[in-house]
Amino acid sequence: MTNSWTDIKNTDLVVVMGGNAAEAHPCGFKWVTEAKHHRGAKLIVVDPRFTRTASVSDYYAPIRPGSDIAFLMGMIRWMIENDKVQWSYVKAFTNASLLVKEEFGWADGLFAGYDEEKRDYDRSSWEYQLGEDGFALTDPTLQHPRCVWNLLKAHVDVYTPEMVERICGTPKERFLKIAEMIGECSSPTKTMTSMYALGWTQHAKGSQNIRGMAMLQLILGNIGVPGGGMNALRGHSNIQGLTDIGLMSNLIPGYLNIPTEKEPDWETYMKSRQFKPLLPGQTSYWQNYSKFMVSFQKSMWGDAATAENDWAYHYLPKLDVPAYDMLRMFELMDQGKVNLYFCQGFNPLLALSNRGKNTSALSKLKLLVVMDPLQTETARFWENHGAFNDVDPAAIQTEVIELPTSCFAEDEGALVNSGRWLQWHWAAAEPPGQARHDTWIMAQIFNRVRELYAAEGGAFPDPILNLTWPYADPSTPMPDELAREMNGTALADVTDPADPTKVLTAAGKQVKSFAELRDDGSTACGCWIYSGCFNEDGNNMARRDNSDPSGLGVHSNWAWSWPLNRRTLYNRASADLDGKAWDPERALLTWHGERWEGFDV
C-alpha cells in the first residue's frame, strides 16, 4: 500500500478492481464503511463476478477476465478528453513534461524494439532525451509531441467507450457513469483510492494492471495524498513482510536485486543501479543503492566482506534466468533436475494448478522436507486416496521428512501488514509436542551444514563458513536479535558528512535509520527499508500508542512502518509546490518556511 488501512477512511471514492475486500479483507473493509458513513464516500466495484463487495457497492460494472488494462486505458482517455486532470499536480509531480527519444513508438500492438525470436524487447529507445548537462529535456507546457503526456494521449486514443465495451464487455453507459464518478476526484479537495488484490496481481500482466491504475491516479492527483493511493490488499498477514525480506528468488532483502550472469563483478552490477537524477535536484532512495548493498553484504559476511574483495560480491549466486519461482521449480522438478525441495509454510499441491503434473514432479525428488504446523496434502502426496489422490505409493521413491513447526500464536516477532506496518506480537503459548520454531529448525540445519563444510571442504565453502552468526545461542536465534540485525548496526563511528567531527551513531550502536548507512564498510544492515524499526530507542515495532492527533488515521506512535515510519508514501505530493496542502481539511504536511511540519514523516 502507498497509504494505510486506516487512511482509507479519508477517501471520497473507493474503486475495487481485482479484489473482493468485503469478504476477503473484512477487518480492513471497515475503513471503507467509515469513509462511506463519515464522508459520504462512494464505492465502485468492477469485477467479472457480482461479489459480496459488489453487493454493498454504490455502483457495479461487469468486466471480462483479463481485460482490465483496456478498461483503465479507456478511463485515462476519458479523463484527458473531458479535462478531468489535476494539472498543477501533473506538472509538478509526474514525468509528463519529459521528452522521450524519437525512436520510441508502437504499432500493431507492439512497442519499438521487439525481437520476435527472443520474444523480448530492446529497450534502448525507451529512454528520455538528454541535454548536454545530462538531465532530461522537458516541455513544461506539455505541447511538444515527444513529451510523455502527448505520447500517453496518443497511446490511449483508441480506447473509446465503444472499444472498451467491445473488449471488456462492460456496458457503455456503466463505463461512462464510472468515468464521471472518478472524474470528480480530479479536484484537489476530492480523492479516490484504489483497492486491489490477487485478481490483479496474479495475471500474466499483473504489473501492467497496477501501472494502468497508477497512471490514472497520477492524472487525478491522488498519489501521496490522504484518502488516495494504490493500495494492495495482501492475502495473508505477513505477505508484505515476505516480499520485503527478499523471499522471492530474484530479490535480496529490501528489494535489492540478486545479480545475473551478465553481472559477473561488482562494477558491472552497480553500473546499472546507481540512480542518476533526470531533473536538477531530483532525489530517490535508490541513489543510496551502494550504501544499502554494502551494508547488506557486511550484515551477511562481516569481516569477510571488504573493499578489496568487492564486499564479497562473488559469494552471491548469479541468476541464469529471470527468477526461480515456484512454477519454474516444479517444471525443473518434473524434468528430474531437482533432488531436494524444502517446502516451508506452503502447500503447493493445492496452491498450484495441474495437480497431476505437480504430483509427478514431487515423485521425482530424492528428498522432500516439509516444515509446517499442520499435515498438508503436499507432505502426503505419496498416499493413495482414491479419486482424490490416485497414485501408486510403491512407485514413488521420494523420501519425505516432516518437521512440525510452531504457528503464529506460538511465535514472537513482527508481522508486516498491507500498509507496511511492522507490528510486534508475543507468543501466547509454547509449541505443542515435537513442534519447534522455524528459526530453531533452520539454525540446526545451518550449523550442521557448516560443520560438514568445515570438516570436508567443498567446491566453494566460503559463503557458508564465513556467514555471520552473531547470536547469543547459535542454536536458537532470538526474534529481537534478528530484528536488530535487520535494523542495522554501526561497525565504526558514523559521522555527519557535513561535519566529520560530529558522531551520529557510535560504533556498536544501532543505526537510527537508513540515512546513516554507508558504503565504506562502516555499517551493517540486513534490510535497509526496516532500518529504524529497532534502534537505540528500542523496539519501535512494539509501540502501542493509538493516539491520532491528526484525525486522519496516521497513528504514528502505533508500531512502525517502513520507510522511516512514513505512513503515506510520496507524501510530499500532498502539498503544492509552495508547500500548502491541496486540501486544508486533510493536511498531512505543510511547509513553514524553514521546515516541513505535520503528522507524517
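Scope of the values below: all heavy atoms of this structure, side chains included, with no hydrogens, waters or symmetry mates. Note that this is a predicted model, so its numbers are computed, not measured.
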message = If I compare all heavy atoms of Ala507 with all of Leu491, which pair ends up nearest, and what's the gap?
response = CB-O, 3.9 Å

task = Evaluate the criterion side chain to side chain contact (heavy atoms under 4.5 Å, CB included) for residue pair Leu365 and Val338; output intermediate values, then yes/no.
result = CA-CA 6 Å; Leu365 291 170; Val338 180; 3.7 Å; yes

Expected output: side-chain Asn257 to main-chain Pro259 donor-acceptor under 3.5 Å = no

task = Assess the side chains of Glu485 and Tyr471: does a donor N or O sit below 3.5 Å from an acceptor N or O?
result = yes

task = Measure across Leu589 and Ala581 and return the closest heavy-atom pair with its distance rounded to 0.1 Å.
result = O-CB, 4.4 Å

key: Within-4.5 Å side-chain heavy-atom neighbours: Val370 and Phe346   = no

ask   = Quick one: are Glu377 and Asn347 in side-chain contact, heavy atoms under 4.5 Å?
value = yes

key: All side-chain contact (heavy atoms from CB on, under 4.5 Å) counterparts of Arg586, not counting sequence neighbours   = Asn10, Asp12, Arg39, Thr191, Pro226, Leu552, Asp583

task = Might you point out which heavy atoms bring Phe534 and Met541 nearest each other, and give the distance in Å?
result = CD1-CE, 4.1 Å

request  = Give the intermediate values and the outcome of ring-ring contact (aromatic ring centres under 6.0 Å, His included) for residues Phe29 and Trp31.
outcome  = CA-CA 5 Å; Phe29 194 74; Trp31 301 105; over 10 Å; no

message = For a 4.5 angstrom cut-off between non-hydrogen side-chain atoms, does Val511 reach Thr489?
response = no

request  = Specify the closest pair of heavy atoms between Asp411 and Ser406, including all atoms of both residues, with the distance to one decimal.
outcome  = OD1-OG, 2.6 Å

ask   = Should the pair Lys318 and Tyr313 be classed as cation-pi, given the thresholds of under 6.0 Å to the six-membered ring centre and 45° from the axis?
value = yes

request  = Dump the intermediate steps for salt bridge (charged side-chain N to carboxylate O under 4.0 Å, His left out) on Arg380 and Glu402, then the final yes or no.
outcome  = CA-CA 10 Å; Arg380 297 288 173 167; Glu402 293 185 72; 3.3 Å; yes

message = Taking the ring centre of each residue, are Tyr570 and Phe93 less than 6.0 Å apart?
response = no

message = So does Ala305 get a backbone contact from the side chain of Lys298, meaning a donor-acceptor N/O pair under 3.5 Å?
response = yes

key: Phe446 six-ring centre to Arg450 NZ/CZ under 6.0 Å and within 45° of normal   = no

key: Lys/Arg-Asp/Glu bridge criterion (N-O < 4.0 Å) met for Asp537, Lys512   = no

ask   = Can Arg420 and Gln240 be counted as having a side-chain donor-acceptor contact under 3.5 angstrom?
value = no

request  = Please name the pair of heavy atoms, one in Gly419 and one in Ser561, separated by the smallest distance, quoted to 0.1 Å.
outcome  = O-CB, 4.5 Å

inquiry  = If we check ring-ring contact (aromatic ring centres under 6.0 Å, His included) with Tyr285, which of these qualifies: Phe514, Trp562, Phe275?
reply    = Phe514

message = Using a strict threshold of under 4.0 Å (side-chain N to carboxylate O), is an ion pair present between Arg328 and Glu331?
response = no

key: Non-hydrogen atoms of Glu23 and Thr53 that approach each other most closely   = N-OG1, 4.3 Å

query = Looking at side-chain heavy atoms only, is the closest gap between Met300 and Leu467 below 4.5 Å?
reply = yes

key: Under 3.5 Å side-chain donor-acceptor pair for Thr378 and Thr376   = no

ask   = Got Leu517 and Asn288 here, is their nearest side-chain heavy-atom distance under 4.5 Å?
value = no

Ser513 versus Ser531, side-chain donor and acceptor atoms under 3.5 Å = no

inquiry  = Using the ring-ring contact (aromatic ring centres under 6.0 Å, His included) criterion, which residues pair with Tyr255? Sequence neighbours excluded.
reply    = none

query = With sequence neighbours excluded, what pairs up with Phe381 under the ring-ring contact (aromatic ring centres under 6.0 Å, His included) test?
reply = none

task = Take Asp480 and Asn539 through the test side chain to side chain contact (heavy atoms under 4.5 Å, CB included) and record every step on the way to the result.
result = CA-CA 8 Å; Asp480 62 318; Asn539 185 350; 5.9 Å; no

request  = Determine, step by step, whether Asn250 and Tyr324 satisfy the side chain to side chain donor-acceptor pair (under 3.5 Å) criterion, reporting the C-alpha distance in whole Å, the side-chain angles of both residues, the deciding distance to 0.1 Å, and the verdict.
outcome  = CA-CA 7 Å; Asn250 62 326; Tyr324 280 95; over 6 Å; no

Please set out all donor-acceptor pairs under 3.5 angstrom arising from side-chain atoms of residues 195-206, sequence neighbours excluded.
{"residue": "Trp200", "atom": "NE1", "partner": "Asp68", "partner atom": "OD2", "Å": "2.8"}
{"residue": "His203", "atom": "NE2", "partner": "Gly199", "partner atom": "O", "Å": "3.1"}

query = Does the side chain of Asn535 pick up a donor-acceptor pair with the side chain of Gln510 at under 3.5 Å?
reply = no

ask   = Hey, are Asn565 and Asn540 close enough side-chain-wise for a donor-acceptor pair under 3.5 Å?
value = no

ask   = Does Gln217 reach the main-chain N or O of Met230 with its side chain, forming a donor-acceptor pair under 3.5 Å?
value = no

ask   = Should Ser194 and Met17 be marked as a side chain to side chain contact (heavy atoms under 4.5 Å, CB included) after you check the CA-CA gap, both sets of side-chain angles, and the distance that decides it?
value = CA-CA 8 Å; Ser194 165; Met17 292 180 70; over 6 Å; no

remark   = In Thr2, Asn3, Asp600, the residue satisfying side-chain hydrogen bond (donor to acceptor under 3.5 Å, both in side chains) with Asn571 is Asp600

key: Residues Arg355 and Asn389: side-chain donor-acceptor under 3.5 angstrom   = yes

request  = Using a 4.5 Å cut-off on heavy atoms from C-beta on, say whether the side chain of Leu242 contacts that of His236.
outcome  = no

query = With sequence neighbours left out, what residues match Phe50 under ring-ring contact (aromatic ring centres under 6.0 Å, His included)?
reply = Tyr60

Qualifying residues under ring-ring contact (aromatic ring centres under 6.0 Å, His included), relative to Trp286, sequence neighbours excluded = Tyr289, Trp528

request  = Tell me, with the steps shown, if Asn417 and Leu415 meet side chain to side chain contact (heavy atoms under 4.5 Å, CB included).
outcome  = CA-CA 6 Å; Asn417 73 3; Leu415 296 174; over 6 Å; no

message = Using only atom types and a distance under 3.5 Å, with no angle test, would you say the side chain of Thr568 pairs donor to acceptor with the backbone of Gly224?
response = no

message = Using the rule given for side chain to side chain donor-acceptor pair (under 3.5 Å), can you reason through Gln423 versus Trp560, listing the C-alpha separation, both sets of side-chain angles and the distance that settles it, and then say yes or no?
response = CA-CA 7 Å; Gln423 300 181 100; Trp560 187 88; over 6 Å; no

request  = State, without any angle test, whether Tyr530 and Asn487 hold a side-chain donor-acceptor pair at a distance under 3.5 Å.
outcome  = no

Modelled atom types, side-chain donor and acceptor of Asp545 and Trp558, under 3.5 Å = no

query = With side chains defined as the heavy atoms from C-beta onward, is the minimum distance between His25 and Trp5 less than 4.5 Å?
reply = yes

query = Does any N or O in the side chain of Thr11 come within less than 3.5 Å of the main-chain N or O of Val14, such that one atom is a donor and the other an acceptor?
reply = no

message = Under a plain distance cut-off of 3.5 Å, with no hydrogens placed, do Ser550 and Arg567 share a side-chain donor-acceptor pair?
response = no

message = Whether the side chain of Glu410 engages the backbone of Cys407 through a donor-acceptor N/O pair (distance < 3.5 Å, no angle test) should be reported.
response = yes

ask   = Does Thr33 reach the main-chain N or O of Lys30 with its side chain, forming a donor-acceptor pair under 3.5 Å?
value = yes

key: Validation row: Ser556, Asp548 side chains within 4.5 angstrom (heavy atoms)   = no

